[in-house]
Each structure stands twice: as structure tokens, then as C-alpha cells.
Amino acid sequence: MNVHLVGDDAAKLSLLRGMLAERCSLTSELIGDADVSGRDIDAVVVAADLRDVDNITALKEVSDRLARIPRRIFLTDHKSRLSTVQAYALGATSVLSSTPSRNQLLGKLLDARPSSLSKSIALDDRQAAFAGASCIASMFAAVLGDTEIDVDETRRAGKRIAECVAENGLSDWLATVRRHHEGTYQHCLLVTGITVDFGLSLGVHSSDLERLYVAAMFHDIGKARIPLAILDKPGRLDTKERTLVEAHPVAGYEALKNNAAITAEVLGAVRHHHEFLDGSGYPDGLMADRIPDLTRILTISDIFSALIEYRSYKPVMARDRAYAILQSMEGKLEKPLIGAFRDVALIR
Ligand SMILES: [Fe+2]
Ligand SMILES: [Fe+2]
């Protein structure tokens, strides 16, 4: 495996070389000089302080070339949520602490995703996923830093995803995202692609498609407020953790409610994407007559996405099994919509 190292000081690079030399073929550069131009790089490891503006600027300058490398592992100060979000905004596919063990680092580099996810993938899908993940990370950073969210950037990133799904199909999109992205970023990119494909299969007009992908891109923005240790926890959540997670629709609503570029409809979808028709959802326990179509479509796409996501600690659920679970949620999800979702779930 060809691994390229980029670091903000020579000592970090030499430490990494020592860790990886036995298993990987290595090249390395200091961050300001980095041009990341090698053709056959399988992975890049970036070891840099992301609180340093110069480092961020230098990495932004090479971001187009970084996007061509399939695996991009950033080592950052893990305690700082903002550094982690910044790493994803710069295109990380994984983030580890600044002092990972050799096994942790090799585990990420050699991470063998299931073969069903490992097909060769169109570069435009990969680039749209890269841009989408960066955009989601930027909106998380804006929520954490209480700064303005760039709604236009989100709209552009969503449009690009919609074009890829329309052009290359949903299956390719799912494979790209599950192969290259993790955690909340993977989830939001999958939900956006699935929601778009659901809209396309229902024959919606292009302006309605835009409403769908904007709502999907923003739907979990409130998760910016949930500690990573809870968001990425492999096992079951305890009651306290569950309460924190279930606060994310309202946190998202609060983050967006004063933004003039967000429509009331999208705001409603962000707040209500965990409501069920029988009133058993959260946060407001809405009944069917108060849940609009857009939110119903988003909820189905969201649940399906959560079921089929790639997680390193559990096998990927097959699409037909995930669809059977949706079908079993009678009373909670709209039956005709679940029927219409069949092709999206199983075929497209
Ligand atoms: Fe959610
Ligand atoms: Fe979600």
C-alpha cells in the first residue's frame, strides 16, 4: 500500500515513518511544501495542528488533489471537537487522535470494508461525496462556533449529489459513501442520496427535488451539539445518552430558526424527522395530520440509511432486510410511501 505522509513538523513525520515503514511504501512532505501530486497514493496521513490558520490554508490549497486519494486520515487533537470537524471539512475520511497507536493507524489504513462496498467508483461520485462531507463539516463548525451557516454552499453540494445520483444511480452513490466516509458524515450523505433517489422515483419536479436535498443535508445538523464519544459509541446508549441524542432535532431547529435562507418547510423537517404517524416519535409527538409529505419522505430515507450504514463494529445490513424492517413499522410510516420506496430500497 502506498501511503503519503503530510505533517506540520519533521518530528511528526519521522514518528509516523517509524510506525508504518514495515507495512507500507511511504513518501512524505512538510505541509507548506505539500503538492500531493503522486498518482498512485492509496492513502494520505495528515498530522497537523488544525488550530493553526496557516496549516488550514495550506491544506485547502491542495484539497483538490487530496480528494483524489481514496483514504484520508487526519491526526488531530481529539479532545477538541472543532479540530475534528475542521479535519472533516478539509476532506478527512477518518480522524484519529494526534498520538494514535500503531495498531489504530494500521487499522484505519488497512480497513477492509466488505467486498460488496468495494467496487470501482466514478470519480465524480467521489468528488461530490468529498464536497458534501466538507460542507456538512463546515455547517457543524458554524453551529459549534455560533457563526452564520452557508446555506448556498449546502444547496450547491446537495445539487451535486442529486446530479450524481441521477447520472450514476443510487447503488453507486451508496457504495462510494459507505466506502469512503464515516459516522455522521456518512449518514448525512447517504440520507441525501436516498432522499433524492426517492424523489426521482416519485417523479418530483426539479424544484421539489431541491427542497428534498436541502432538508436532507440539514436534517441532523443538531448532532453538532452531541459529544463524539456518544455519537460514535458502538453499543447501546444508556438513558442519559439517549436523552442527549434525542435532543438533536430541537438543537438543529434552534441553530437554523433565525436563518432567513432556510424555509419554514425545511425547518419543520429538521425538527420533525423523528416523528411517527401514530404520535410515538419525538420531540413533539406529532400525529399524522401534522406531519407533511416532505418530512415523511425524509423519515423513511433516514431510517433506511441508518440501517444500511457501514460501521466498523457490525456487518452491513443487506438492503432487502432493511426494507423488511421499514415494512414492519406499520402505523408509524405511511404505507403507500413505503410501497413506493420499494424500488429505491431494492433495485435502483
Ligand atoms: Fe436525526
Ligand atoms: Fe438522520
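Note that ligands are numbered from 1 as they come in the structure, with each ligand's atoms numbered from 1 the same way.
- Geometry about the Fe ion (ligand 1) gives an angle of 90° between NE2 of His274 and NE2 of His248, rounded in steps of 10 degrees.
- In this structure, the ring of Phe341 has its center less than 6.0 angstrom from the ring center of Phe198.
- Minimum-distance N/O/S atom of Asp302 relative to the Fe ion (ligand 2): OD1.
- The one candidate from Glu246, His219, His248 that meets the side chain to side chain donor-acceptor pair (under 3.5 Å) condition with His274 is His248.
- Looking at Thr27 and His4, their side chains do bring a donor and an acceptor atom within 3.5 Å of each other.
- Residue side and main chain included, His219 places no N/O/S atom under 2.8 Å of the Fe ion (ligand 1).
- Nearest N/O/S atom of His187 relative to the Fe ion (ligand 2): this is NE2.
- Taking the N/O/S atoms of Asp220 in turn, the shortest distance to the Fe ion (ligand 2) belongs to OD2.
- For the residue pair Glu61/Thr57, the side-chain donor-acceptor check at 3.5 Å is not satisfied.
- Cation-pi check for Arg271 over Tyr253 is met; the charged atom lies under 6.0 angstrom from the ring centroid and within 45 degrees of its normal.
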